[in-house]
Q: 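Can you read through this structure? Questions will come right after.
Note that the numbering runs from 1 along the sequence shown for the chain.
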Amino acid sequence: MLTLLLDLERSEGMRQKRILFLAEALERSDRFKPLICCPEGSFLADEARKSGFEVFALKSESPSGIANRLRLWLFQRKQEKLLIHSFGGRAHELAHIIRKMRRPDNAILVQTIFSGISRDKPFKTAPFVQADKITCGSTNVLNLAARAGLDPSRMMIIRPGYAIPADRSAYYKAQDRFIFMTYGGLSPGCGHSLLVKSMAAMWQRSDLPPWEVRIFGSGPLFQSILDEAFSLGVSDRLALLGDQKAEAVLGLGDVMLVPSVGTDGNGEAICLGWLFGLAVICSDLPVHMEQVRQEENALAVTPDDPQALASAMIRLMQQEDLRQYLIEGGERMLPLISSETMVEGFLKLYSGLVAGRGWVLPVKKSRVIEEKPTVEDIGAFEPNRLVEPNASALYGDEPESTPPTEKREPAEADGNTPENGGRRLHDKI
(Lines give C-alpha, C1' and ligand atoms only; values in the text may rest on other atoms or scores of the structure.)
Protein backbone atom coordinates (compact mmCIF):
# COMPACT_ATOMS: atom_id res chain seq x y z
CA MET A 1 0.00 0.00 0.00
CA LEU A 2 1.40 3.39 -0.93
CA THR A 3 2.23 5.44 2.17
CA LEU A 4 2.69 9.17 1.60
CA LEU A 5 5.11 10.68 4.16
CA LEU A 6 4.67 14.48 4.22
CA ASP A 7 7.03 17.19 5.47
CA LEU A 8 7.36 20.81 4.29
CA GLU A 9 10.60 21.87 6.01
CA ARG A 10 13.66 22.61 3.89
CA SER A 11 16.29 22.41 6.61
CA GLU A 12 17.82 19.40 8.33
CA GLY A 13 16.37 18.35 11.66
CA MET A 14 15.48 15.41 13.85
CA ARG A 15 12.04 15.15 12.26
CA GLN A 16 13.46 14.68 8.79
CA LYS A 17 15.81 11.97 10.02
CA ARG A 18 12.90 10.15 11.63
CA ILE A 19 10.97 10.21 8.35
CA LEU A 20 13.95 8.65 6.57
CA PHE A 21 14.22 5.96 9.23
CA LEU A 22 10.51 5.18 8.91
CA ALA A 23 10.82 5.05 5.11
CA GLU A 24 13.59 2.45 5.44
CA ALA A 25 11.35 0.28 7.61
CA LEU A 26 8.41 0.63 5.20
CA GLU A 27 10.66 -0.34 2.29
CA ARG A 28 11.61 -3.52 4.16
CA SER A 29 8.00 -4.35 5.02
CA ASP A 30 5.89 -6.61 2.83
CA ARG A 31 2.74 -4.43 2.75
CA PHE A 32 3.69 -0.74 2.70
CA LYS A 33 5.55 1.30 0.09
CA PRO A 34 6.93 4.75 1.12
CA LEU A 35 6.68 7.86 -1.04
CA ILE A 36 8.31 10.92 0.52
CA CYS A 37 6.51 14.17 -0.30
CA CYS A 38 8.58 17.30 0.42
CA PRO A 39 9.85 20.50 -1.25
CA GLU A 40 12.32 20.18 -4.09
CA GLY A 41 15.85 21.00 -2.93
CA SER A 42 15.11 20.32 0.74
CA PHE A 43 17.38 18.26 2.96
CA LEU A 44 14.77 15.51 3.09
CA ALA A 45 14.41 15.34 -0.70
CA ASP A 46 18.17 15.15 -1.24
CA GLU A 47 18.76 12.51 1.42
CA ALA A 48 15.77 10.44 0.32
CA ARG A 49 17.08 10.26 -3.24
CA LYS A 50 20.56 9.32 -2.00
CA SER A 51 18.96 6.44 -0.09
CA GLY A 52 17.04 5.26 -3.16
CA PHE A 53 13.54 6.32 -2.04
CA GLU A 54 10.92 7.68 -4.38
CA VAL A 55 10.27 11.41 -3.89
CA PHE A 56 7.23 13.48 -4.84
CA ALA A 57 8.93 16.88 -5.09
CA LEU A 58 6.79 19.93 -4.33
CA LYS A 59 7.32 23.28 -6.01
CA SER A 60 7.10 25.19 -2.72
CA GLU A 61 6.58 24.84 1.03
CA SER A 62 3.07 26.26 0.84
CA PRO A 63 0.24 23.74 1.23
CA SER A 64 -2.07 26.11 -0.65
CA GLY A 65 0.04 26.46 -3.81
CA ILE A 66 -2.03 25.84 -6.95
CA ALA A 67 0.77 23.95 -8.73
CA ASN A 68 1.23 21.59 -5.78
CA ARG A 69 -2.49 20.97 -5.47
CA LEU A 70 -2.94 20.19 -9.15
CA ARG A 71 -0.03 17.75 -9.27
CA LEU A 72 -1.16 16.04 -6.07
CA TRP A 73 -4.71 15.75 -7.37
CA LEU A 74 -3.50 14.10 -10.59
CA PHE A 75 -1.24 11.81 -8.60
CA GLN A 76 -3.80 10.66 -6.04
CA ARG A 77 -6.38 9.79 -8.74
CA LYS A 78 -4.16 6.89 -9.79
CA GLN A 79 -4.08 5.35 -6.30
CA GLU A 80 -6.74 2.82 -5.40
CA LYS A 81 -5.98 3.25 -1.69
CA LEU A 82 -3.70 5.75 0.03
CA LEU A 83 -2.29 6.18 3.53
CA ILE A 84 -1.35 9.81 4.24
CA HIS A 85 0.95 10.64 7.16
CA SER A 86 2.22 14.13 8.06
CA PHE A 87 4.81 15.00 10.69
CA GLY A 88 4.40 18.60 11.77
CA GLY A 89 4.17 22.23 10.77
CA ARG A 90 2.04 23.10 7.75
CA ALA A 91 2.34 19.54 6.44
CA HIS A 92 -0.78 18.85 8.52
CA GLU A 93 -2.74 21.22 6.28
CA LEU A 94 -1.42 19.64 3.09
CA ALA A 95 -2.23 16.15 4.35
CA HIS A 96 -5.79 17.24 5.04
CA ILE A 97 -6.08 18.79 1.56
CA ILE A 98 -5.02 15.50 -0.05
CA ARG A 99 -7.46 13.61 2.17
CA LYS A 100 -10.34 15.79 0.97
CA MET A 101 -9.52 14.95 -2.66
CA ARG A 102 -10.52 11.34 -2.03
CA ARG A 103 -13.60 9.42 -0.99
CA PRO A 104 -13.77 8.74 2.76
CA ASP A 105 -13.53 4.98 2.22
CA ASN A 106 -10.27 4.85 0.23
CA ALA A 107 -7.82 6.95 2.26
CA ILE A 108 -6.41 7.00 5.79
CA LEU A 109 -5.05 10.18 7.41
CA VAL A 110 -2.51 10.09 10.26
CA GLN A 111 -1.29 13.33 11.86
CA THR A 112 1.79 13.35 14.12
CA ILE A 113 2.95 16.00 16.59
CA PHE A 114 6.06 15.03 18.50
CA SER A 115 6.50 18.21 20.58
CA GLY A 116 6.45 21.98 20.53
CA ILE A 117 2.72 22.53 21.12
CA SER A 118 1.89 24.80 24.09
CA ARG A 119 -1.79 25.44 23.31
CA ASP A 120 -4.71 23.29 22.24
CA LYS A 121 -5.74 25.63 19.40
CA PRO A 122 -4.11 23.62 16.53
CA PHE A 123 -6.10 20.54 17.50
CA LYS A 124 -9.39 22.39 16.96
CA THR A 125 -8.70 22.81 13.24
CA ALA A 126 -9.98 20.53 10.47
CA PRO A 127 -6.65 18.71 9.79
CA PHE A 128 -6.89 17.16 13.26
CA VAL A 129 -10.65 16.99 13.74
CA GLN A 130 -10.99 14.90 10.57
CA ALA A 131 -7.85 12.76 11.03
CA ASP A 132 -8.25 9.00 11.44
CA LYS A 133 -5.47 8.92 14.03
CA ILE A 134 -3.36 11.50 15.88
CA THR A 135 -0.06 10.38 17.36
CA CYS A 136 1.48 12.51 20.11
CA GLY A 137 5.09 12.55 21.26
CA SER A 138 4.22 12.94 24.94
CA THR A 139 1.37 12.81 27.42
CA ASN A 140 1.53 16.62 27.54
CA VAL A 141 0.70 16.86 23.82
CA LEU A 142 -2.01 14.19 24.13
CA ASN A 143 -3.65 16.11 27.00
CA LEU A 144 -3.73 19.25 24.88
CA ALA A 145 -5.46 17.31 22.11
CA ALA A 146 -7.99 15.93 24.58
CA ARG A 147 -8.60 19.41 25.97
CA ALA A 148 -9.46 20.53 22.44
CA GLY A 149 -12.33 18.04 22.45
CA LEU A 150 -10.86 15.35 20.21
CA ASP A 151 -12.02 11.77 20.58
CA PRO A 152 -9.54 9.96 22.90
CA SER A 153 -9.94 6.78 20.87
CA ARG A 154 -8.33 8.53 17.90
CA MET A 155 -5.22 9.57 19.85
CA MET A 156 -2.18 7.62 20.99
CA ILE A 157 1.38 8.22 22.16
CA ILE A 158 4.32 7.32 19.93
CA ARG A 159 7.44 8.95 21.30
CA PRO A 160 10.05 10.38 18.94
CA GLY A 161 12.88 8.00 18.18
CA TYR A 162 16.63 8.54 17.98
CA ALA A 163 19.36 6.65 16.17
CA ILE A 164 21.59 5.06 18.81
CA PRO A 165 25.29 5.85 18.16
CA ALA A 166 27.18 2.70 17.20
CA ASP A 167 30.09 3.23 19.60
CA ARG A 168 29.27 5.56 22.46
CA SER A 169 32.54 4.82 24.25
CA ALA A 170 34.62 6.50 21.54
CA TYR A 171 33.73 10.11 22.41
CA TYR A 172 36.60 12.25 23.61
CA LYS A 173 36.10 13.92 26.96
CA ALA A 174 38.08 17.07 27.73
CA GLN A 175 40.46 16.45 30.60
CA ASP A 176 41.33 20.01 31.59
CA ARG A 177 37.84 21.19 32.55
CA PHE A 178 34.30 20.06 33.38
CA ILE A 179 31.91 20.87 30.53
CA PHE A 180 28.18 21.57 30.90
CA MET A 181 26.09 21.74 27.73
CA THR A 182 22.67 22.90 26.63
CA TYR A 183 21.13 22.09 23.25
CA GLY A 184 18.14 23.72 21.59
CA GLY A 185 16.64 27.06 20.60
CA LEU A 186 17.46 30.26 22.48
CA SER A 187 13.90 31.21 23.35
CA PRO A 188 12.29 32.45 26.60
CA GLY A 189 11.02 29.02 27.67
CA CYS A 190 14.43 27.34 27.49
CA GLY A 191 15.70 28.84 30.75
CA HIS A 192 19.06 30.21 29.63
CA SER A 193 18.72 33.33 31.77
CA LEU A 194 18.19 31.06 34.76
CA LEU A 195 21.34 29.15 33.80
CA VAL A 196 23.46 32.33 33.65
CA LYS A 197 22.25 33.28 37.15
CA SER A 198 23.22 29.80 38.38
CA MET A 199 26.69 30.26 36.93
CA ALA A 200 27.01 33.52 38.86
CA ALA A 201 26.05 31.72 42.07
CA MET A 202 28.99 29.29 41.80
CA TRP A 203 31.75 30.93 39.78
CA GLN A 204 33.74 32.17 42.80
CA ARG A 205 33.90 28.82 44.56
CA SER A 206 37.47 27.56 44.93
CA ASP A 207 36.60 23.93 45.72
CA LEU A 208 35.44 23.13 42.19
CA PRO A 209 37.42 21.92 39.18
CA PRO A 210 37.75 24.26 36.19
CA TRP A 211 34.40 24.35 34.38
CA GLU A 212 32.51 26.05 31.57
CA VAL A 213 29.07 26.09 29.96
CA ARG A 214 28.59 25.61 26.22
CA ILE A 215 25.25 26.62 24.70
CA PHE A 216 24.39 25.17 21.29
CA GLY A 217 21.50 26.68 19.38
CA SER A 218 20.22 29.93 17.94
CA GLY A 219 17.28 32.20 18.53
CA PRO A 220 16.10 35.68 19.52
CA LEU A 221 17.76 35.67 22.97
CA PHE A 222 21.34 35.18 21.78
CA GLN A 223 22.46 38.74 22.50
CA SER A 224 20.53 39.09 25.76
CA ILE A 225 22.12 35.91 27.14
CA LEU A 226 25.56 37.23 26.24
CA ASP A 227 24.82 40.65 27.79
CA GLU A 228 23.60 39.05 31.03
CA ALA A 229 26.72 36.88 31.23
CA PHE A 230 28.90 40.01 30.93
CA SER A 231 26.90 41.89 33.57
CA LEU A 232 27.19 39.00 36.07
CA GLY A 233 30.89 38.44 35.41
CA VAL A 234 30.65 34.90 33.98
CA SER A 235 31.20 35.58 30.28
CA ASP A 236 34.64 33.91 30.41
CA ARG A 237 32.98 30.62 31.43
CA LEU A 238 30.26 30.75 28.76
CA ALA A 239 30.53 29.78 25.09
CA LEU A 240 27.62 30.53 22.73
CA LEU A 241 28.39 28.27 19.78
CA GLY A 242 25.29 28.55 17.57
CA ASP A 243 23.66 25.70 15.69
CA GLN A 244 25.72 22.51 15.58
CA LYS A 245 25.01 18.91 14.72
CA ALA A 246 24.43 16.93 17.89
CA GLU A 247 26.71 14.08 16.88
CA ALA A 248 29.60 16.52 16.31
CA VAL A 249 29.56 18.22 19.71
CA LEU A 250 27.56 16.50 22.43
CA GLY A 251 30.00 13.65 22.98
CA LEU A 252 32.59 16.20 24.16
CA GLY A 253 30.69 17.19 27.30
CA ASP A 254 30.11 15.84 30.80
CA VAL A 255 26.61 17.03 31.74
CA MET A 256 23.53 18.02 29.72
CA LEU A 257 21.58 20.92 31.24
CA VAL A 258 17.87 21.30 30.41
CA PRO A 259 16.69 24.23 32.58
CA SER A 260 13.41 24.76 30.69
CA VAL A 261 10.77 26.93 32.35
CA GLY A 262 7.98 26.70 29.76
CA THR A 263 5.26 24.06 29.67
CA ASP A 264 6.67 22.42 26.53
CA GLY A 265 10.04 21.62 28.07
CA ASN A 266 12.85 20.17 25.98
CA GLY A 267 12.55 16.40 26.10
CA GLU A 268 14.72 16.12 23.00
CA ALA A 269 17.74 17.56 24.84
CA ILE A 270 17.23 15.07 27.69
CA CYS A 271 17.19 12.16 25.25
CA LEU A 272 20.26 13.49 23.44
CA GLY A 273 22.10 13.62 26.74
CA TRP A 274 21.33 9.96 27.33
CA LEU A 275 22.31 9.07 23.77
CA PHE A 276 25.74 10.65 24.01
CA GLY A 277 26.66 9.41 27.47
CA LEU A 278 26.09 12.61 29.47
CA ALA A 279 24.60 12.92 32.93
CA VAL A 280 21.42 15.03 32.79
CA ILE A 281 20.13 17.88 34.96
CA CYS A 282 16.66 19.13 34.03
CA SER A 283 13.75 21.10 35.44
CA ASP A 284 11.00 18.95 36.92
CA LEU A 285 8.31 19.97 34.44
CA PRO A 286 5.57 17.35 33.95
CA VAL A 287 6.61 16.81 30.32
CA HIS A 288 10.15 15.98 31.50
CA MET A 289 9.06 13.72 34.34
CA GLU A 290 7.25 11.41 31.92
CA GLN A 291 10.63 9.78 31.29
CA VAL A 292 12.91 11.13 34.03
CA ARG A 293 13.36 9.19 37.26
CA GLN A 294 14.77 11.43 39.97
CA GLU A 295 18.37 10.52 40.85
CA GLU A 296 18.15 7.40 38.67
CA ASN A 297 18.59 8.75 35.14
CA ALA A 298 18.70 12.51 35.86
CA LEU A 299 18.65 15.16 38.55
CA ALA A 300 15.41 17.15 38.39
CA VAL A 301 15.31 20.65 39.94
CA THR A 302 12.63 23.27 40.49
CA PRO A 303 12.16 25.64 37.52
CA ASP A 304 13.02 29.32 38.09
CA ASP A 305 15.36 28.46 40.98
CA PRO A 306 18.98 29.32 40.08
CA GLN A 307 20.26 28.15 43.46
CA ALA A 308 18.73 24.68 42.97
CA LEU A 309 20.28 24.40 39.52
CA ALA A 310 23.67 25.55 40.81
CA SER A 311 23.55 23.00 43.66
CA ALA A 312 22.85 20.17 41.20
CA MET A 313 25.73 21.29 38.97
CA ILE A 314 28.08 21.35 41.96
CA ARG A 315 26.97 17.85 43.05
CA LEU A 316 27.88 16.34 39.69
CA MET A 317 31.26 18.07 39.64
CA GLN A 318 32.09 16.77 43.10
CA GLN A 319 30.43 13.33 43.06
CA GLU A 320 31.84 11.22 40.25
CA ASP A 321 29.98 8.12 41.44
CA LEU A 322 26.63 9.90 41.17
CA ARG A 323 27.46 11.19 37.72
CA GLN A 324 28.36 7.71 36.47
CA TYR A 325 25.21 6.27 38.05
CA LEU A 326 23.06 8.80 36.15
CA ILE A 327 24.88 7.99 32.90
CA GLU A 328 24.13 4.29 33.40
CA GLY A 329 20.50 5.17 34.11
CA GLY A 330 20.38 7.05 30.82
CA GLU A 331 21.77 4.01 28.99
CA ARG A 332 18.89 1.93 30.31
CA MET A 333 16.50 4.36 28.63
CA LEU A 334 17.95 3.87 25.14
CA PRO A 335 15.70 0.96 24.05
CA LEU A 336 12.65 3.07 24.90
CA ILE A 337 13.73 6.09 22.85
CA SER A 338 15.30 4.30 19.89
CA SER A 339 14.21 4.79 16.28
CA GLU A 340 13.38 1.09 16.13
CA THR A 341 10.82 1.45 18.92
CA MET A 342 9.22 4.46 17.19
CA VAL A 343 9.04 2.66 13.84
CA GLU A 344 7.51 -0.43 15.43
CA GLY A 345 4.78 1.77 16.87
CA PHE A 346 3.97 3.32 13.49
CA LEU A 347 3.91 -0.04 11.69
CA LYS A 348 1.49 -1.45 14.27
CA LEU A 349 -0.66 1.66 13.87
CA TYR A 350 -0.74 1.35 10.07
CA SER A 351 -1.63 -2.34 10.23
CA GLY A 352 -4.42 -1.68 12.73
CA LEU A 353 -5.93 1.13 10.66
CA VAL A 354 -5.85 -0.99 7.51
CA ALA A 355 -7.41 -3.96 9.29
CA GLY A 356 -10.10 -1.69 10.73
CA ARG A 357 -11.12 -0.74 7.19
CA GLY A 358 -11.27 -4.38 6.16
CA TRP A 359 -8.68 -3.80 3.47
CA VAL A 360 -6.67 -6.77 2.25
CA LEU A 361 -3.30 -5.56 1.05
CA PRO A 362 -1.35 -7.52 -1.54
CA VAL A 363 2.16 -8.56 -0.65
CA LYS A 364 4.72 -6.31 -2.30
CA LYS A 365 6.86 -7.83 -5.03
CA SER A 366 10.29 -8.43 -3.62
CA ARG A 367 13.25 -7.09 -5.45
CA VAL A 368 14.92 -9.68 -7.67
CA ILE A 369 18.64 -9.56 -7.08
CA GLU A 370 20.55 -11.58 -9.62
CA GLU A 371 23.65 -13.24 -8.29
CA LYS A 372 26.38 -15.05 -10.11
CA PRO A 373 26.45 -18.78 -9.35
CA THR A 374 29.52 -20.10 -7.59
CA VAL A 375 32.22 -22.21 -9.18
CA GLU A 376 31.05 -25.12 -7.07
CA ASP A 377 27.63 -24.89 -8.78
CA ILE A 378 28.62 -24.94 -12.43
CA GLY A 379 32.38 -24.87 -12.70
CA ALA A 380 34.39 -21.98 -14.11
CA PHE A 381 32.59 -19.20 -15.97
CA GLU A 382 33.72 -16.15 -17.86
CA PRO A 383 34.35 -13.02 -15.73
CA ASN A 384 31.59 -10.37 -15.86
CA ARG A 385 29.16 -12.78 -17.59
CA LEU A 386 26.13 -13.94 -15.63
CA VAL A 387 25.28 -17.62 -16.08
CA GLU A 388 21.84 -18.68 -14.92
CA PRO A 389 22.08 -21.65 -12.52
CA ASN A 390 19.52 -23.77 -14.38
CA ALA A 391 19.35 -27.52 -14.47
CA SER A 392 21.20 -27.91 -17.78
CA ALA A 393 24.13 -25.85 -16.54
CA LEU A 394 24.29 -27.72 -13.27
CA TYR A 395 24.08 -31.24 -14.57
CA GLY A 396 25.52 -30.99 -18.08
CA ASP A 397 22.45 -32.09 -20.01
CA GLU A 398 23.39 -29.62 -22.74
CA PRO A 399 26.75 -28.50 -24.04
CA GLU A 400 28.29 -25.39 -22.54
CA SER A 401 27.18 -22.29 -24.47
CA THR A 402 29.64 -20.33 -26.57
CA PRO A 403 29.60 -16.84 -28.03
CA PRO A 404 27.38 -16.70 -31.16
CA THR A 405 30.29 -15.65 -33.38
CA GLU A 406 32.29 -18.72 -32.49
CA LYS A 407 31.51 -21.90 -34.40
CA ARG A 408 31.31 -24.96 -32.20
CA GLU A 409 33.55 -27.76 -33.42
CA PRO A 410 33.37 -31.41 -32.46
CA ALA A 411 35.16 -32.46 -29.32
CA GLU A 412 37.93 -34.08 -31.35
CA ALA A 413 38.91 -30.66 -32.75
CA ASP A 414 40.01 -29.60 -29.27
CA GLY A 415 41.91 -32.78 -28.73
CA ASN A 416 39.32 -34.08 -26.27
CA THR A 417 39.12 -37.61 -27.64
CA PRO A 418 38.50 -40.82 -25.82
CA GLU A 419 41.99 -41.90 -26.86
CA ASN A 420 43.72 -39.13 -24.89
CA GLY A 421 41.31 -39.32 -21.97
CA GLY A 422 39.40 -36.13 -22.82
CA ARG A 423 35.63 -36.09 -22.26
CA ARG A 424 32.92 -33.60 -23.04
CA LEU A 425 31.01 -31.97 -20.20
CA HIS A 426 27.88 -34.12 -20.62
CA ASP A 427 30.03 -37.29 -20.27
CA LYS A 428 31.07 -36.36 -16.72
CA ILE A 429 27.83 -37.57 -15.10
Q: Taking the six-membered ring where the residue is Trp, are the ring centres of Phe346 and His85 under 6.0 Å apart?
A: yes
Q: So, applying salt bridge (charged side-chain N to carboxylate O under 4.0 Å, His left out) with Glu9, which one of Lys17, Arg15, Arg90 is it?
A: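 The single option meeting the salt bridge (charged side-chain N to carboxylate O under 4.0 Å, His left out) with Glu9 is Arg15.
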Q: May I ask you to say whether Arg102 pairs ionically with Glu80, meaning some side-chain N is under 4.0 Å from a carboxylate O?
A: no
Q: Closer than 4.0 angstrom, basic N to acidic O: yes or no for Glu54 and Arg49?
A: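 Arg49 and Glu54: not salt-bridged.
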Q: Looking at Lys197 and Glu228, does any basic side-chain N land under 4.0 Å from a carboxylate oxygen?
A: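 Counted as a salt bridge, because a side-chain N and a carboxylate O are separated by less than 4.0 Å.
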Q: Apply the test salt bridge (Lys or Arg N to Asp or Glu O under 4.0 Å) to residues Glu295 and Arg315: give CA-CA distance (whole Å), side-chain angles for both, the deciding distance (0.1 Å), then the verdict.
A: CA-CA 12 Å; Glu295 305 220 8; Arg315 284 185 68 189; 3.1 Å; yes
Q: So is Arg18 actually on top of Phe114's ring, under 6.0 Å and inside 45° of the axis?
A: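 Ring-cation test returns yes.
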Q: A cation-pi test, strictly: NZ or CZ of Arg237 under 6.0 Å from the centre of the six-membered ring of Trp203 and no more than 45 degrees from its axis. Yes or no?
A: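 Pair Arg237/Trp203 does not count as cation-pi.
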Q: Starting from the C-alpha separation in whole Å, work towards a yes-or-no answer on side chain to side chain donor-acceptor pair (under 3.5 Å) for Gln318 and Asp207.
A: CA-CA 9 Å; Gln318 293 182 331; Asp207 58 336; 3.2 Å; yes
Q: Looking at Leu82 and Ile98, what are the two nearest heavy atoms and their distance?
A: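 Taking Leu82 first and Ile98 second, the nearest heavy atoms are CD2-CG2, 4.2 Å.
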Q: Under the side chain to side chain donor-acceptor pair (under 3.5 Å) criterion, do Asp243 and Ser218 qualify, and how do the steps go?
A: CA-CA 6 Å; Asp243 291 322; Ser218 60; 2.8 Å; yes
Q: How long is the gap from CG on Leu361 to NZ on Lys81, to the nearest 0.5 Å?
A: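 The NZ atom of Lys81 is 7.5 Å from CG of Leu361, to the nearest 0.5 Å.
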Q: Mind running side-chain contact (heavy atoms from CB on, under 4.5 Å) on Lys133 and Leu353 for me, showing each step along the way?
A: CA-CA 9 Å; Lys133 205 72 173 184; Leu353 291 171; 4.2 Å; yes
Q: Could you state the interatomic distance from CG (Leu240) to CD1 (Ile215), rounded to the nearest 0.5 Å?
A: 5.0 Å
Q: How long is the straight-line distance from CD of Gln294 back to CG of Leu299, given to the nearest 0.5 Å?
A: 6.0 Å
Q: Among Thr112, Thr135, Leu44, exactly one meets side chain to side chain contact (heavy atoms under 4.5 Å, CB included) together with Phe87. Which residue is that?
A: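 Going through the options one by one, the only one that passes is Thr112.
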Q: With respect to Leu326, which candidate in Leu316, Val280, Val255 satisfies the side chain to side chain contact (heavy atoms under 4.5 Å, CB included) definition?
A: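 When Leu316, Val280, Val255 are each tested with Leu326, the side chain to side chain contact (heavy atoms under 4.5 Å, CB included) holds only for Leu316.
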